[in-house]
Protein chains: 2
Amino acid sequence: MAKNEKVTIYDISKKLNISAATVSRALNNNPKISLKTRELVLKTAQELNYKQNRLALALKSGKTNSIGVIVPYINRNFFSAVIYGIEKLLAPHGYNVIICQSHEDANNEANHIAALLNTQVDGIFMSVSKTTQDTSHIEKILENGTPLIFFDRKKDIPGVSSVTIDDFRGGYMATEHLIQQGARRVAHFCGDLNLEIYRNRHNGYLKALEDYDIPLDNGLIVHTNSRIEAGADALAKLWSKKKRPDAIFSSSDYAALGAIQELRKLEVEIPDEVGVVGFSNEPFTKYMELPMSSVDQTPATMGELAAQVFLEQINNDQHVLSVEKRDVLAPELIVRRSSDKKRTLIGKHPVSKG
Amino acid sequence: MAKNEKVTIYDISKKLNISAATVSRALNNNPKISLKTRELVLKTAQELNYKQNRLALALKSGKTNSIGVIVPYINRNFFSAVIYGIEKLLAPHGYNVIICQSHEDANNEANHIAALLNTQVDGIFMSVSKTTQDTSHIEKILENGTPLIFFDRKKDIPGVSSVTIDDFRGGYMATEHLIQQGARRVAHFCGDLNLEIYRNRHNGYLKALEDYDIPLDNGLIVHTNSRIEAGADALAKLWSKKKRPDAIFSSSDYAALGAIQELRKLEVEIPDEVGVVGFSNEPFTKYMELPMSSVDQTPATMGELAAQVFLEQINNDQHVLSVEKRDVLAPELIVRRSSDKKRTLIGKHPVSKG
DNA sequence: AAATTGTTTGTAATCGATTGCACCAAATTA
DNA sequence: TAATTTGGTGCAATCGATTACAAACAATTT
């Protein structure tokens, strides 16, 4: 019970007058050990409160039983939910999860990767930062022979598995919903096109307009980041034009929130005059006084799936990392008051949850 | 460059025809090594792309250069901000941060502690879960000789350092502010009294009433957890009584949000009829259409301070853990529209930020 | 030139667990 | 009874880095 009284297999072996090798084998259920010895060892191990030293094991085996997760921020509900999914699946397998935040900075990302590789994690899960252009720091993971799994925000690197949602479909559903609500001039808050997810949402938006024979007005597409202020600015820009929108599909919940705040200042009726749909289904969208429609990315599922992909990958022939998998989940459109005119007008309206 | 081509000090020693000991000393700037040898080793190490194996080092030294942080949830802004503070200070010292979520469950907490001790982290930072009564699992950390630092939510265990805010003062300031805004019937949403932080906020509330000669009405104190629904329920309960409150000090931002939503449904004017102040200054409180007053806990500072305490502790005589420190930070009252009647009435009004 | 000091390097043990190989005793077969 | 198989253990190397101690060599003093 005293401090630092670390019990090793040698302590057990001395007490029982057998070799440490035998103790090790007994503890690992090696079949070549007699039942009596095994039981004796197990009993003694319990008595002495033996705990396997993971460092020694790690040094010997090269496996640390810990994995790294790199996300832009941990306090975005989306990312924390993914992390939860990963933890949930991996904890029962004895993995420790090391979480790193890039703060959307490619340099931080590179530093974290270096630290994780140095720690010799057994795998890395990541959602790349917005500022990441060059991917050489990411490729170091592969050069190191460490399994890598992208989730949500990925880069196209051959041999790397990824779990994402169908952002194209998400963008399409959101836009279609607004059109079905009667909108004819749907604006789009477009995220950084450097990231695939925003490109796909944007393309979904374009396709929906096309399918519903709505002419594209490039003036309705505003490039923003996902901050509240950016959304407010974007709305101001749209409002300063002669031809204003009658709906907004924002690729970010935060930007959508900024727009809603601005619209209310301008005393514009939501959703009657302008319908709004965000993306991510952050909890606040539900709790707003005017609850916001959004596209849910099923982050917990994404995390669990990513963890599964990892487990499959390391259970395969150790070094055949070429088992590239690309899971694409279906997004869910959650319709709330910011875009639902059912009380006021219009016939057919789709999904309604949350 | 190829996979798994791990370079060790032996590779360097072979290439230079010197012993591994010399290489090790050269790399560690041991003064007993000649300049030429040192430079040669350093140069060769670079050429071969040598990376120190942290596992071997950890096994030898018993230090893993990683620390564990246990929080109830990572997606509460307060906790993620503390974590950021810890990371910021510790990363330059080469520490990896392993983050665990207890989900307010004492069992999870115990499991995470066991896992962290097994990983042989160099220290543990924790904010205890609401359901934690028995502290025997926490004391295991001390028995293990591992430094432990509480932040925000602590248990009174001798020899354990802690960094908290002055919750009493926070509760006092919030209540005083409401009184100065003209309130005479201040309700209190009281958190789980099992936790010191909620007891202190509660006591601060009581003291402010006393100091301002406002009679205590126990009917105005409602016990809630920190969920939105709980706040809504609490308000409904208060509203069903004959004597309703004219202000609410909630020990949780989430419960305060629930109350505000309910008040708006009832078409009660905020802050004119009922002023509301929350606690934590979660970001949403600022972005609400009716921005909420709250008490800021300066979480980033808290994290940095906790990290500093840790560094001091391990730099002291290794095993004198008795350097117990108790840092108490000052909370900040952030006044926003949910409680600020300055437009409408009343004279003196205090701090106003955010 | 011999003795002394000081600088630089090597040898080998250590941290704790795992595992290929060798070995011995008991059980089986010839 | 001798030869062979089998089950159960021990020996010793290994993972990579650190470090007391010893040894070798150079520089200095007498």
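Here is how names work: the chains are called A, B, and so on, in the same order as the sequence lines, proteins then strands, and each is numbered from 1. From a predicted model like this one, the values you see are computed outputs, not experimental measurements.
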Report task. Among residues two or more places apart or on two chains, list those pairs meeting side-chain hydrogen bond (donor to acceptor under 3.5 Å, both in side chains) that have a residue in residues 98-107 of chain B. Result -> B/E104-B/R153

Requested in this report: Give me the residues of residues 18-26 of chain B where at least one heavy atom lies under 4.0 Å from an atom of DNA chain D, by number, or none.
Outcome: B/A21, B/S24, B/R25

Report task. Name all residues meeting the salt bridge (charged side-chain N to carboxylate O under 4.0 Å, His left out) criterion together with A/K130; count only those two or more places apart in sequence or in a different chain, and write none if there are none. Result -> none

Report task. Not counting sequence neighbours, which residues clear salt bridge (charged side-chain N to carboxylate O under 4.0 Å, His left out) with A/K88? List them please. Result -> A/E304

Query - End-to-end axis angle, where each axis spans five pairs of the helix from C/dA1-D/dT30 to C/dA30-D/dT1, to 10° - result: 60°

Without placing hydrogens or testing angles, list every side-chain donor-acceptor pair under 3.5 Å for residues 17-28 of chain A, not counting sequence neighbours.
unit_1	atom_1	unit_2	atom_2	d
A/S19	OG	A/A21	N	3.4
A/S19	OG	A/T22	N	3.2
A/S19	OG	A/T22	OG1	3.1
A/N28	ND2	A/S24	O	2.8

Report task. Taking salt bridge (charged side-chain N to carboxylate O under 4.0 Å, His left out) as the test, write out the residues that go with A/D134, two or more places apart. Result -> none

**Report entry** Counterpart residues, salt bridge (charged side-chain N to carboxylate O under 4.0 Å, His left out), relative to B/K43 (two or more places apart)
**Finding:** B/E47

Report summary line: Sorted by chain and residue number, the side-chain contact (heavy atoms from CB on, under 4.5 Å) partners of B/A110 (sequence neighbours excluded) come out as B/H137

Table please: side-chain donor-acceptor pairs of residues 34-41 of chain B below 3.5 Å, with sequence neighbours left out.
unit_1	atom_1	unit_2	atom_2	d
B/S34	OG	B/T37	N	3.3
B/S34	OG	B/T37	OG1	2.6
B/R38	NH1	B/N30	O	3.4
B/R38	NH2	B/N30	O	3.4
B/R38	NH2	B/I33	O	3.2

Query - Nucleic acid contacts - residues 112-121 of chain A versus DNA chain C, non-hydrogen atoms under 4.0 Å - result: none

Query - For chain A, the stretch of DNA chain C it reaches, first to last nucleotide, under 4.0 Å of its heavy atoms - result: C/dG16 to C/dG20

